[in-house]
Protein chains: 2
Amino acid sequence: MAKPGPRQAAGTAARERSADVRAALVTAAIGALRETGFAGASARAIAGRAGCSQALVFYHFGSVSDLLLAALDEVSTLRMAAYRGLLDEAESVTALVDSAREIFLADLDAGHVRVLVEMITGAHSVPGLGPQVAERLAPWREFAETAARRALGRSPLARLLPSAEAAHAVVAGFLGLEMLASLDGDRVAALALFDRARALARLLDAASGLGRLL
Amino acid sequence: MAKPGPRQAAGTAARERSADVRAALVTAAIGALRETGFAGASARAIAGRAGCSQALVFYHFGSVSDLLLAALDEVSTLRMAAYRGLLDEAESVTALVDSAREIFLADLDAGHVRVLVEMITGAHSVPGLGPQVAERLAPWREFAETAARRALGRSPLARLLPSAEAAHAVVAGFLGLEMLASLDGDRVAALALFDRARALARLLDAASGLGRLL
DNA sequence: GTCTATACTTGGATAGAC
DNA sequence: GTCTATCCAAGTATAGAC
């Protein structure tokens, strides 16, 4: 680490306050991405939200992009934990879709998906940012694939639709739903799609039950 | 029209050159949106591409946003004509998916979908732009719905999945696929999904054929 | 209509005081 | 570590010459 980042040799109180500022900046960056998008997430705007000087963005993170990546990391890891929990607990496909619906709609409202979409599209305007965002998207693609494998595993659809492709479609669908929802503020359409997915999941569960009997 | 747009009282040659510049700006705006995204589509960058002065952006269109909307209109109407043609000619669902696959992948490569995605996400950073982009997206949602109605109309899936919801999912899916493709340059994944859709379409056609026999 | 020149704003990033 | 002050680049938009 040859970066001009914060030194660790301060007193305990000072180090704590420094960590507070760092955390406040990350939180503020998330809020800025969510409410004003990538273009609105400037060092000045973020520092204003965090209640500190704009210079601290560069002291703590080196650049605005690196702060935004830290913000993406924060959202991503927190939400990933929630989704992993639901995946482990779901016994049936219906239950899986059911809790996915609940968490995803909550994320839609909380703006977590928006943060991801903004980072993906905003990456175009900053050289070298694309691959770093892709890195952070990778765990989600893997997660979607294991979820798809679990959902399709025993059903007759498994050979009709490989889990890798299903996962790609699901991730793309989530991103696209967020784009449409953020354009016209319509979250009802996404909700209706989840209800439909739930009905289809019931069919899958039924088919899976039949398969086990044969 | 009280706007400061171009006057129509010039000689024929002058009016023609003016129209040329206007068209060149629209073309340049499309290229800028496609290659450098919304953030890179500044008046300076666009004028540079068009080979004219940056001031002409404001003379002809009043603002950068209005030029970008004109660019979106151009792409949207041109591509809509192509898609409508294929919808009218397709006799079977398989044929429908087949030509949709061809045109959409061509659009992906040509950057037409990218222009739309950039305008949707970029709309967040310009007050009042969102509804105007939504207006231009509406025809695509309608188109997707008639296509879905035609594809599902005679199949057993029609009651399982209303065409309005299918259309919403398809539009979201297209937008999401473009985002993923533009992030890692992977168009193969989108291609694989279309191949899969084609296989499913064959099943639908078969089911529809059976339905007609009964 | 088209150009050059310019006013004004905002943003990334750094310097130096404390 | 945090601040204020500042530099520089890039953007929108307008004024005025041609």
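Order of the sequence lines fixes the chain letters, A, B, ..., with proteins taken first and strands second; residue numbering starts at 1 for each chain.
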Any cation-pi pair here, Arg22(A) with Phe61(A), using under 6.0 Å and within 45°? yes
Rounded distance in Å - CZ (Arg44(B)) to C1' (dC3(C)): 15 Å
Report the distance from atom CZ of Phe58(A) to atom C1' of dG1(D), rounded to the nearest whole Å. 16 Å
Reckon Val57(A) touches a base, only the sugar-phosphate, or nothing at all at heavy-atom distances under 4.0 Å? nothing
With heavy atoms under 4.0 Å as the rule, sort Ser53(B) into base, sugar-phosphate or nothing. base
Which part of the nucleic acid, if any, lies within reach of Ala43(A) when heavy atoms closer than 4.0 Å are counted: base, sugar-phosphate only, or nothing? sugar-phosphate
Quiz item: Arg17(A) side-chain donor-acceptor pair to dT2(D) base, under 3.5 Å: no
Starting at the 5' end of DNA chain C and moving along, which residue's nearest nucleotide shows up first, Ser65(A) or Arg22(B)? Arg22(B)
Between atom CG of Leu129(A) and atom CZ of Phe38(A), what is the distance when rounded to the nearest 0.5 Å? 5.5 Å
Glu35(A), CD: over 12 other non-hydrogen atoms inside 6.0 angstrom: yes
Atom CD of Gln54(B) to atom C1' of dC3(C): distance rounded to whole Å? 11 Å
Quick one: label Ser42(A) by what it contacts on the DNA or RNA (base, sugar-phosphate, nothing), any heavy atom closer than 4.0 Å. sugar-phosphate
Looking at Arg141(B) and Asp184(A), is there a salt bridge between them, counting it only when a charged N and a carboxylate O are closer than 4.0 Å? yes
Do Trp140(A) and Phe174(A) have their ring centres less than 6.0 Å from each other? no
To the nearest angstrom, how far is Glu16(B) atom CD from dT2(C) atom C1'? 17 Å
Value in whole Å for how far the P atom of dA13(D) lies from NE2 of His60(B): 16 Å
Nearest to the side chain of Val64(A) - dT2(D), dT2(C), dG12(C)? dG12(C)
Between P on dT12(D) and OH on Tyr59(B), what's the gap in Å once rounded to a whole number? 20 Å
Just the rounded figure in Å: distance from P of dG12(C) to CG of Leu129(A). 13 Å
Whole-Å distance, Leu56(B) CG to dT14(D) C1', equals 13 Å
